[in-house]
Amino acid sequence: MPVSSLSSSSSPLSPLCFLTLLLIFITPSECAATPAPKKAPARRHRLLSVDYYTKTCPYLEQLVSSITTQQFRDVPVSAPATLRLFFHDCFVEGCDGSILISTKPGSKVAAEKDAADNKGLRPEGFESIKKAKALVESKCPGVVSCADILAIAARDFVHLAGGPYYQVKKGRWDGKISMAARVGSNLPQANSTVDQLLKLFNSKGLSSDDLVVLSGAHTIGFAHCEHFTNRLYDYRGTKKPDPAIDGRLLKELKMSCPRYGGNTDIVAPFDVTTPFVFDHAYYGNLESKLGLLATDQALVSDARMKTMVQSLAKDKQKFFQAFAAAMDKMGSIGVKRGRRHGERRTDCSVHQS
């Protein structure tokens, strides 16, 4: 699933992950009846938790929901835009909100959002998080991280578009590092081979099944012509179209996306059957050679993933359950905890310190 190619124009998923990581949260050890030992207090591991803000911001999810619901009603493209934003955040520095940081005026070091691979990120995604953060800050100042708000909003938009509702674990801190130079090598590309995709996903703690499931974020959203034009005219240097594409789809895409001189704003839906609904039609499309990107279509032609694609194409509930689990895994990648590695920004676009 080339997350970097997930376009929410007119668009991931995001949606978007990986083996749940144990995160260190330092707490003093409980006092014992015996004399205190000379060694430093013991440390214990603590997972992200669903109820992390129960005492400090009990209505957090309702606050975020009030914004995402309104955004989805007014600007539906906010759904794939925010899901894609979450994917791009987690894949680079971990799920730490670093994608939201703006480049400092006059700085020679560009932030992640200004990387070439992030130029297609829609403003609606950023706007959704900005609005949600402002509301949360008005009720729970200085408590909730931008990273957690992004994770919650991504889930909300998946559900609003017809997908599963799942519990979001919280407790992330906002990362202090955001560098455009680190983006390209950490995001899948539209022309990536299956082996390249698997290598990247494995480096993030994801399996081949996770790749297939998270690619299902392409059930909503659109991609610009530039991400699949070569597939239409010169597939892997053959001077011919990709043979693994339906003839009717090929004809339609060529009309919208000429090889030269086309409108760079033109987009095509990832899911040609139900492009605005979060469902499992994406997988059935792959079986019918209706995948938009070469990396989409490759999932069903590769023996390592074909069975999973076929299984999800038959069972929407299975896809929903698998997607929720994969989002939980992805949401745990590279999580920051504590002031040494993170901060809680009051303005998601600006470093706190």
Side-chain angles (χ1 to χ4, degrees), residues 1-17 75 77-105 107-130 132-133 146-147 149-151 153-154 157 172 174-192 196-197 200-201 203-204 214-215 217-218 220-229 264-267 270 292-293 295 330-331 333-334 336 345 347-351:
M1 174 202 73
V3 178
S4 65
S5 65
L6 218 178
S7 179
S8 52
S9 298
S10 322
S11 175
L13 0 280
S14 75
L16 169 106
C17 297
V75 194
V77 73
S78 298
T82 306
L83 183 53
R84 184 187 182 197
L85 200 58
F86 187 49
F87 282 135
H88 281 227
D89 185 42
C90 291
F91 264 77
V92 180
E93 293 291 344
C95 306
D96 63 354
S98 55
I99 186 65
L100 303 170
I101 294 174
S102 297
T103 302
K104 291 183 179 180
S107 175
K108 294 182 180 180
V109 180
E112 286 176 36
K113 67 185 298 185
D114 291 322
D117 288 285
N118 284 331
K119 289 296 185 182
L121 292 174
R122 294 281 301 190
E124 291 84 356
F126 293 98
E127 187 64 21
S128 296
I129 304 308
K130 182 179 179 180
K133 178 61 172 176
C146 299
I149 290 176
L150 177 55
F157 280 121
R172 303 166 187 81
D174 297 322
K176 298 180 179 181
I177 298 174
S178 182
M179 300 173 61
R182 298 188 181 185
V183 172
S185 61
N186 282 294
L187 290 179
Q189 306 296 321
N191 62 350
S192 294
Q196 289 171 334
L197 290 175
L200 177 60
F201 271 59
S203 74
K204 307 296 180 182
L214 290 172
S215 293
H218 283 184
I220 55 175
F222 298 75
H224 285 90
C225 294
E226 65 183 280
H227 294 300
F228 55 86
T229 301
T264 57
D265 293 328
I266 295 296
V267 296
F270 286 114
L292 180 63
L293 304 180
T295 44
M330 184 175 77
I333 295 176
K336 312 298 187 297
R345 296 195 291 277
D347 180 342
C348 294
S349 66
V350 181
H351 280 301

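Residues I101 and K113 are not in side-chain contact: their nearest non-hydrogen atoms beyond the backbone lie 4.5 Å or more apart. Using a 4.5 Å heavy-atom cutoff, the side chains of I99 and V92 are not in contact. Contact of the L121 side chain with the N118 side chain is registered, since non-hydrogen atoms from C-beta on lie closer than 4.5 Å. Annotation: side chain of M179 is in contact with side chain of V109 (closest heavy-atom distance under 4.5 Å). Between L200 and K204, some side-chain heavy-atom pair lies under the 4.5 Å cut-off.
Without hydrogens or angle criteria, S78 side chain to V75 main chain gives a donor-acceptor distance under 3.5 Å. Looking at K104, its side chain never comes within 3.5 Å of a backbone N or O of S102 through a donor-acceptor pair. At distances below 3.5 Å, not a single donor-acceptor pair connects side-chain atoms of H227 with backbone N or O atoms of L293. Remark: side-chain polar atoms of R345 are paired, donor with acceptor, to backbone N or O of G175 under 3.5 angstrom. Remark: side-chain polar atoms of R172 are paired, donor with acceptor, to backbone N or O of G331 under 3.5 angstrom. Between the side chain of S192 and the backbone N or O of P188 there is no donor-acceptor pair closer than 3.5 Å. Although no hydrogens or angles enter the test, the distance criterion places a donor-acceptor pair under 3.5 Å between the side chain of D89 and the main chain of G97.
Here the closest heavy-atom approach between residue H224 and residue T264 is recorded as CD2-O, 3.2 Å. Nearest heavy atoms, I220 versus F270: O-CD1, 3.9 Å. Of all the heavy atoms in F157 and S128, the pair that sits closest is CZ-OG, 3.7 Å. When all heavy atoms are compared, the tightest approach of K336 to E93 is NZ-O, 2.5 Å. Minimum heavy-atom separation, A180 to A111: CB-O, 3.4 Å. Nearest heavy-atom pair, A223 versus F228, reported as atom, atom and distance to 0.1 Å: O-CE2, 3.7 Å.
The residue from D174, L100, I129 that alone fulfils the side-chain contact (heavy atoms from CB on, under 4.5 Å) condition with I149 is I129. For the side-chain contact (heavy atoms from CB on, under 4.5 Å) criterion with H88, the lone passing option out of V183, N186, D117, L187 is L187.
For the residue pair E112/S98, the side-chain donor-acceptor check at 3.5 Å is satisfied.
For F201 and F91, the distance between ring centers is under 6.0 angstrom.
By the side chain to side chain donor-acceptor pair (under 3.5 Å) test, T103 pairs with D114, sequence neighbours left out.
Taking CG of D96 as the reference point, atom SG of C90 lies at 8.5 Å (rounded to 0.5 Å). Taken to the nearest 0.5 Å, the OG1 atom of T229 stands 11.0 Å off from the CD1 atom of I266.
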Practice problem: Could you give me the CA-CA distance, side-chain angles and deciding distance for C348 and F126, then say whether side chain to side chain contact (heavy atoms under 4.5 Å, CB included) is met? | Solution: CA-CA 9 Å; C348 294; F126 293 98; over 6 Å; no
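The stretch residues 183-192 participates, sequence neighbours left out, in no salt bridge (Lys or Arg N to Asp or Glu O under 4.0 Å) pair at all.
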